[in-house]
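Shown next, in structure tokens, is the structure this report addresses.
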2 protein chains.
Amino acid sequence: MRPAKISESAVRRLSLYLRVLDAFELVGKTTVSSGDLAEVGGMTPAQVRKDLSHFGSFGKRGLGYPVSELRERVTEILGLGRRWRVGLVGAGKLGAALFFYDGFRGQGFDVVGVFDNDTGKIGQRWGRLVVEDIESMDRVVRATRIEMGIIVTPALSAQPVADLLIAAGVEAILNFAPTRLRVPPEITLRNVNLEIEVESLAFALTHENGV
Amino acid sequence: MRPAKISESAVRRLSLYLRVLDAFELVGKTTVSSGDLAEVGGMTPAQVRKDLSHFGSFGKRGLGYPVSELRERVTEILGLGRRWRVGLVGAGKLGAALFFYDGFRGQGFDVVGVFDNDTGKIGQRWGRLVVEDIESMDRVVRATRIEMGIIVTPALSAQPVADLLIAAGVEAILNFAPTRLRVPPEITLRNVNLEIEVESLAFALTHENGV
DNA sequence: TCGTGTGAACGAATTCACAGCG
DNA sequence: CGCTGTGAATTCGTTCACACGA
């Protein structure tokens, strides 16, 4: 089943369902209802059913969904049935935190290249990798067929880095730099902006209870 | 002007406008049109006008918005006209990256407490702070009147940590742990889930061009 | 009977389009 | 005339409610 258009938020919920399914499988539960999934994930049963129905009918009426089969299907849907090669640009503290973060590898994302332009960082050994000069990025991205780039540079470097990544053939970028990147429409871009997150907290605290 | 209900995404756009206004003020531009703001921020002029109109009429017809005045107003609206006291729980790599990240301090967020339960980390000096035992969190949060908590712990510790923060009087939480936190409705919660971000990239790459 | 799958109803957010003011 | 401010129209996402199959 090839769904027409799935909303960004629906896709994010699929990731959540997958976590819940992992947990259920771990404790040996064999079926779950949309209500179960909704309860743990913090959404409504109707939404769970609607989200899943975009991709097919995986449940049995009166019963629920078979946990392990649904888990496999959602894994497949999210594109996690394979491993992805990721390049990390920016070998600062945040870059290091992401590199050594187990969550990525666990879900099928292998960071196979780390790049920086700081001579103090180039050549450093990170796990089984060595931090490479950003000058070699084009070559390495092509050679190792890196598909996704994670940008963890200062704001000013982010756009040039993105351009280089795209020129080297990367198809998706996760940008942590606090800048709006301009990328061609065929490139998938997601932004994580830490300042915006805390500012939205400040807004909420400022405007709640009529202050 | 007290707006009825502003969508989460509108608030996030306000943060973006603020960045653009900063940039414009820096180069000495005195007025901007909604088109200018939209262009840089990547949205439509109508949306910019609608977003701003929720809080008042700051523009002059035929002219645009006065940069520095609008900047002040947006700063005020977002609750950035003051400084916020933040506590960071989890002194791992990601915690360190956030702690030493200048973006927070620049926008008015001061990390005034860092906590961990690892005896190897407790007592470490981080800048002008010392990593404190999580046991002292309640006391320190009250004493220093910490208002926001940032959770950068493993998934399993996140919920107990959140409970402690809330018991100590924190009103808003930014959660980086890959878990759904349960918090009472009066607590503002935002989640940043790195796994979900890369998974949404994988989904996009898997489903584009009909693959 | 129970819980899925889904059209239909609803609500929220974005875009349109234009009146009105500088 | 140019650009804001805003109701109206539209699009998009969520929730409802119920027919249907296990």
Side-chain angles (χ1 to χ4, degrees), chain A residues 1-17 20-21 24 29-71 73-74 77 196 200 203-204, chain B residues 1-17 20-21 24 29-71 73-74 77 196 200 203-204:
Chain A
M1 179 181 261
R2 172 106 33 94
K5 184 64 177 58
I6 305 298
S7 74
E8 176 58 23
S9 29
V11 173
R12 303 171 80 89
R13 284 193 298 270
L14 287 182
S15 291
L16 293 174
Y17 303 153
V20 180
L21 289 168
F24 277 138
K29 227 168 166 331
T30 56
T31 56
V32 275
S33 66
S34 57
D36 296 338
L37 282 169
E39 167 117 13
V40 187
M43 55 274 308
T44 69
Q47 186 159 61
V48 173
R49 295 201 298 278
K50 180 72 85 179
D51 286 342
L52 295 176
S53 76
H54 289 129
F55 301 95
S57 320
F58 311 123
K60 299 207 193 319
R61 302 184 186 213
L63 237 184
Y65 302 88
V67 171
S68 90
E69 191 193 314
L70 183 59
R71 203 176 66 94
R73 298 295 289 106
V74 175
I77 290 165
I196 288 182
S200 105
F203 177 87
Chain B
M1 180 183 259
R2 172 104 36 92
K5 184 64 175 62
I6 306 299
S7 74
E8 175 59 22
S9 29
V11 173
R12 303 170 80 90
R13 284 193 299 269
L14 287 181
S15 291
L16 292 174
Y17 302 153
V20 180
L21 289 167
F24 276 138
K29 225 170 166 332
T30 56
T31 55
V32 275
S33 67
S34 57
D36 296 338
L37 282 169
E39 167 115 14
V40 188
M43 55 276 304
T44 69
Q47 186 159 61
V48 173
R49 294 201 300 276
K50 181 72 85 177
D51 286 342
L52 295 177
S53 77
H54 289 129
F55 301 95
S57 321
F58 311 123
K60 300 209 190 317
R61 298 177 189 222
L63 239 186
Y65 302 87
V67 171
S68 92
E69 190 193 316
L70 183 60
R71 202 176 67 94
R73 298 294 290 109
V74 175
I77 290 165
I196 288 182
S200 105
F203 177 87

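Numbered from 1 within each chain, the chains take letters A, B, ... in sequence-line order.
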Problem - Distance in angstrom units between A:Asp36 CG and C:dG3 C1', rounded - result: 11 Å
Practice task
Look at A:Ser34 and C:dT4 and indicate whether a side-chain polar atom (N or O) is within less than 4.0 Å of OP1 or OP2.
Solution key: yes
Handout entry: Spacing between A:Asp51 atom CG and C:dT4 atom C1', to the nearest angstrom
Key = 14 Å
Fill in the blank from the handout: Quick note, B:Ser33 side chain, CB onward, closest among D:dC3, D:dG5, C:dG3 is D:dC3
Practice task
Count the heavy atoms of every other residue, nucleotide or ligand shown that sit under 6.0 Å from NZ of A:Lys60, and state whether that count exceeds 12.
Solution key: no
Exercise for the section: Nearest whole angstrom, please: distance from the P of D:dG5 to the CG of B:Leu70. Expected result: 10 Å
Handout entry: Presence of B:Ser7 side-chain N/O under 4.0 Å of C:dA12 phosphate oxygens OP1/OP2
Key = no
Exercise for the section: Would you mind reading off the distance between A:Ile6 atom CD1 and D:dC12 atom P, rounded to a whole angstrom? Expected result: 13 Å
Problem - side-chain N/O A:Ser9 vs D:dT14 OP1/OP2, d < 4.0 Å - result: yes
Exercise for the section: Would you indicate whether the side-chain heavy atoms of A:Leu37 and A:Leu70 approach each other to under 4.5 Å? Expected result: yes
Problem - Value in whole Å for how far the C1' atom of C:dG5 lies from CG of A:Leu63 - result: 15 Å
Problem - Pairwise 5' ranking along DNA chain C for B:Lys50 and A:Arg49, keeping only the more 5' one - result: A:Arg49
Completion exercise
Side-chain contact check for B:Arg61: nearest option of C:dT6, D:dA19, C:dG22 is C:dG22
Problem - From A:Arg13, A:Met43, A:Glu39, residue fulfilling side-chain contact (heavy atoms from CB on, under 4.5 Å) relative to A:Val48 - result: A:Met43
Exercise for the section: Please state how far atom CG in B:Leu52 lies from atom C1' in C:dT14, giving the value in whole angstrom units. Expected result: 15 Å
Handout entry: Short side-chain N/O contact from B:Arg13 to OP1 or OP2 of C:dA13, under 4.0 Å
Key = no
Practice task
Quickly work out the B:Lys5 NZ to C:dA12 C1' distance and round it to whole Å.
Solution key: 10 Å
Completion exercise
Closest non-hydrogen contact found for A:Phe58 with A:Leu52 is CE1-O, 3.6 Å
Handout entry: Options C:dT6, D:dA22, D:dG5, nucleotide nearest the side-chain atoms of A:Lys60
Key = D:dA22
Practice task
For D:dT15, take OP1 and OP2 only and decide whether either is under 4.0 Å from a side-chain N or O of A:Thr44.
Solution key: yes
Problem - Gap between atoms CD and P, on B:Glu8 and C:dG11 respectively (whole Å) - result: 22 Å
Problem - Residues B:Arg12, B:Glu8: salt bridge by 4.0 Å N-O rule - result: yes
Exercise for the section: Ignoring backbone atoms, establish whether B:Tyr65 has a side-chain N or O less than 4.0 Å from OP1 or OP2 of C:dG22. Expected result: no
